[in-house]
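Single-structure report; data block below.
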Amino acid sequence: MNQLTAVIITFNEERNIARCLQSIHTIADEVVVVDSLSTDRTREICEQFGVRFVSHPWEGYIRQKNYANSLSNNDLILSIDADEALSEELQASIAEVKKQSVENKVFVMRRLMNYCGTWIHHGGWYPDKKVRIFDRRYVEWQGQKVHETLAIPDNFKQIELKGDLLHYSFYTIEEHRAQIGKFAKLSAEEAVASGKHVSITDAYVHAVWKFIRDFIFKAGFLDGRYGWVISKINAHGVLQKYLNIIDLTHYENRV
């Protein structure tokens, strides 16, 4: 039987963390929470579940997650975010994983988004497949400011599990807009650092295409009003990113 450690990084997650911990308590042999100095009830709630709670200043997503993994007493890691929870079917799938050989394997989960209380099944948001169970001796987080990814050896098989990873992404539309604005800025900084240059035409063409792809070709319209809202906000995020690249590029040239 494989021993499994669930690893979570947190900051002010009092509205989410109990649901997450409740969903993993039957399948995780250990839970490690690395918290970047929350000011709400996150610590209090975590301690009610008997987790290992470690306060650690924020170092960015990649370093924070790799640090959290290093604290595990087990090599097999379940990486889960505080605003996520395991469906009952996914819990059963993970219980089976613990009984089998995990050598040269990682395990993929289908993430289902809850947006303002509604489950989103289209627009490129489902199935949002993520590798979330892996052996930390061979797999680690890598990336830049925005999109952290797992470095997985080429010879490892990716096994898709049954059930959904439930992601309670945004409680309000305003939260979505705020995150898109934040990520647009960070993505632009990454792009400029890598030498990327774009034009005003590029910005609008990519934004329009993003909306058409998500709302029409990826059937976002089937999610009704929220499908429209999500597609529109995400397209605006693309526009923001490209306009930020233009602004940053012009600033660097002036300096």
Side-chain angles (χ1 to χ4, degrees), residues 1-10 13-33 45-46 48-52 65 68-69 72 74-136 138-139 141 147-150 152 156-171 176 214 218-220 222-224 226-227 230:
M1 176 76 74
N2 296 300
Q3 296 292 295
L4 177 72
T5 295
V7 175
I8 311 167
I9 62 171
T10 58
E13 290 287 357
E14 65 179 7
R15 70 178 178 180
N16 291 311
I17 191 63
R19 178 180 56 233
C20 175
L21 294 174
Q22 184 65 39
S23 77
I24 63 178
H25 83 281
T26 60
I27 56 93
D29 301 288
E30 175 187 43
V31 179
V32 174
V33 175
I45 296 168
C46 286
Q48 291 173 2
F49 283 85
V51 309
R52 286 179 58 203
K65 287 188 174 185
N69 290 346
S72 170
N74 303 304
D75 291 321
L76 191 63
I77 301 294
L78 163 61
S79 181
I80 185 169
D81 293 341
D83 61 356
E84 297 172 340
L86 309 177
S87 69
E88 290 185 4
E89 186 178 17
L90 184 53
Q91 291 175 34
S93 296
I94 295 172
E96 291 302 312
V97 167
K98 295 176 65 179
K99 298 176 184 178
Q100 62 184 258
S101 170
V102 296
E103 185 176 358
N104 295 345
K105 296 176 185 176
V106 294
F107 297 87
V108 179
M109 301 177 186
R110 298 173 305 188
R111 190 162 67 164
L112 178 62
M113 306 286 186
N114 188 290
Y115 187 90
C116 301
T118 299
W119 296 110
I120 304 298
H121 292 88
H122 306 93
W125 274 25
Y126 183 81
D128 180 25
K129 296 182 181 180
K130 303 291 184 183
V131 173
R132 288 304 183 84
I133 297 180
F134 53 87
D135 188 324
R136 67 172 181 180
Y138 309 105
V139 178
W141 292 100
H147 299 296
E148 69 275 16
T149 59
L150 286 167
I152 302 169
F156 274 44
K157 293 182 179 179
Q158 297 196 18
I159 311 297
E160 185 173 330
L161 300 178
K162 294 180 180 179
D164 290 322
L165 178 63
L166 307 175
H167 184 199
Y168 295 82
S169 56
F170 301 108
Y171 288 76
H176 186 195
D214 290 356
K218 293 191 175 182
L222 292 177
D223 288 312
Y226 285 133
I230 290 167

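Along the sequence shown, residues carry numbers from 1.
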Exercise for review: Decide yes or no for H122 and D214: does some side-chain heavy atom of the first lie under 4.5 Å from some side-chain heavy atom of the second?
Suggested key: no
Point to revise | Any side-chain heavy-atom pair of K129 and Q158 under 4.5 Å | key: no
Practice item. Compare all side-chain heavy atoms of Y171 with those of N16 and state whether any distance is below 4.5 angstrom. Key: yes
Check your understanding: Between V32 and A68, what is the shortest heavy-atom contact and its length?
Key -> CG1-O, 4.1 Å
Point to revise | Minimum-distance pair of heavy atoms, taken over all atoms of D29 and N2 | key: OD2-O, 3.9 Å
Exercise for review: Taking S23 for its side chain and A85 for its backbone only, find out whether a donor-acceptor pair lies under 3.5 Å.
Suggested key: no
Point to revise | Student check: side-chain heavy atoms of Y126 and R110 closer than 4.5 Å | key: yes
Check your understanding: What are the two closest non-hydrogen atoms of R136 and N69, and how far apart are they?
Key -> NH1-O, 2.7 Å
Review point. So, do H167 and D81 sit near enough that their side-chain heavy atoms are less than 4.5 Å apart?
Key: no
Check your understanding: What's the spacing between F107 CZ and E160 CD if we round to 0.5 Å?
Key -> 12.5 Å
Revision key, fill the gap. All heavy atoms of I8 vs all of A82, minimum pair found to be CG2-N, 3.8 Å
**Study point:** Any donor-acceptor pair under 3.5 Å from K98 side chain to L4 backbone
**Key:** no
Revision key, fill the gap. Here the pair of heavy atoms bringing W119 nearest to D223 is O-OD1, 4.2 Å
Study note, to complete from the structure: I80 and R132 have their tightest heavy-atom pair at CA-NH1, 3.7 Å
**Study point:** Pairwise distance CD(Q91) to CD(E96) - rounded to 0.5 angstrom
**Key:** 13.0 Å
Review point. Nearest 0.5 Å, what's the CE-CG distance between M113 and D83?
Key: 9.0 Å
**Study point:** Aromatic ring pairing W125/H176, orientation class (parallel under 30°, perpendicular over 60°, tilted between)
**Key:** perpendicular
Point to revise | Derivation and outcome, side chain to side chain contact (heavy atoms under 4.5 Å, CB included), residues L78 and M109 | key: CA-CA 11 Å; L78 163 61; M109 301 177 186; 3.4 Å; yes
Check your understanding: Rounded to the nearest 0.5 Å, how far apart are OG of S87 and CG of L161?
Key -> 10.0 Å
Point to revise | Side-chain heavy-atom pair R52, E30 within 4.5 angstrom cut-off | key: yes
Check your understanding: So E14 and I45, side chain to side chain contact (heavy atoms under 4.5 Å, CB included) or not? Walk me through it.
Key -> CA-CA 7 Å; E14 65 179 7; I45 296 168; 3.9 Å; yes
Point to revise | From CG (L165) to CG (L112), nearest 0.5 Å | key: 9.0 Å
Practice item. For residues R15 and Y168, determine if any side-chain heavy atom of one lies less than 4.5 Å from a side-chain heavy atom of the other. Key: no
Practice item. For residues W141 and L150, determine if any side-chain heavy atom of one lies less than 4.5 Å from a side-chain heavy atom of the other. Key: yes
Revision key, fill the gap. Interatomic distance, CD1@I77 vs CZ@F134, rounded to 0.5 Å, equals 6.0 Å
Point to revise | N/O donor-acceptor pair under 3.5 Å between T5 side chain and V31 backbone | key: no
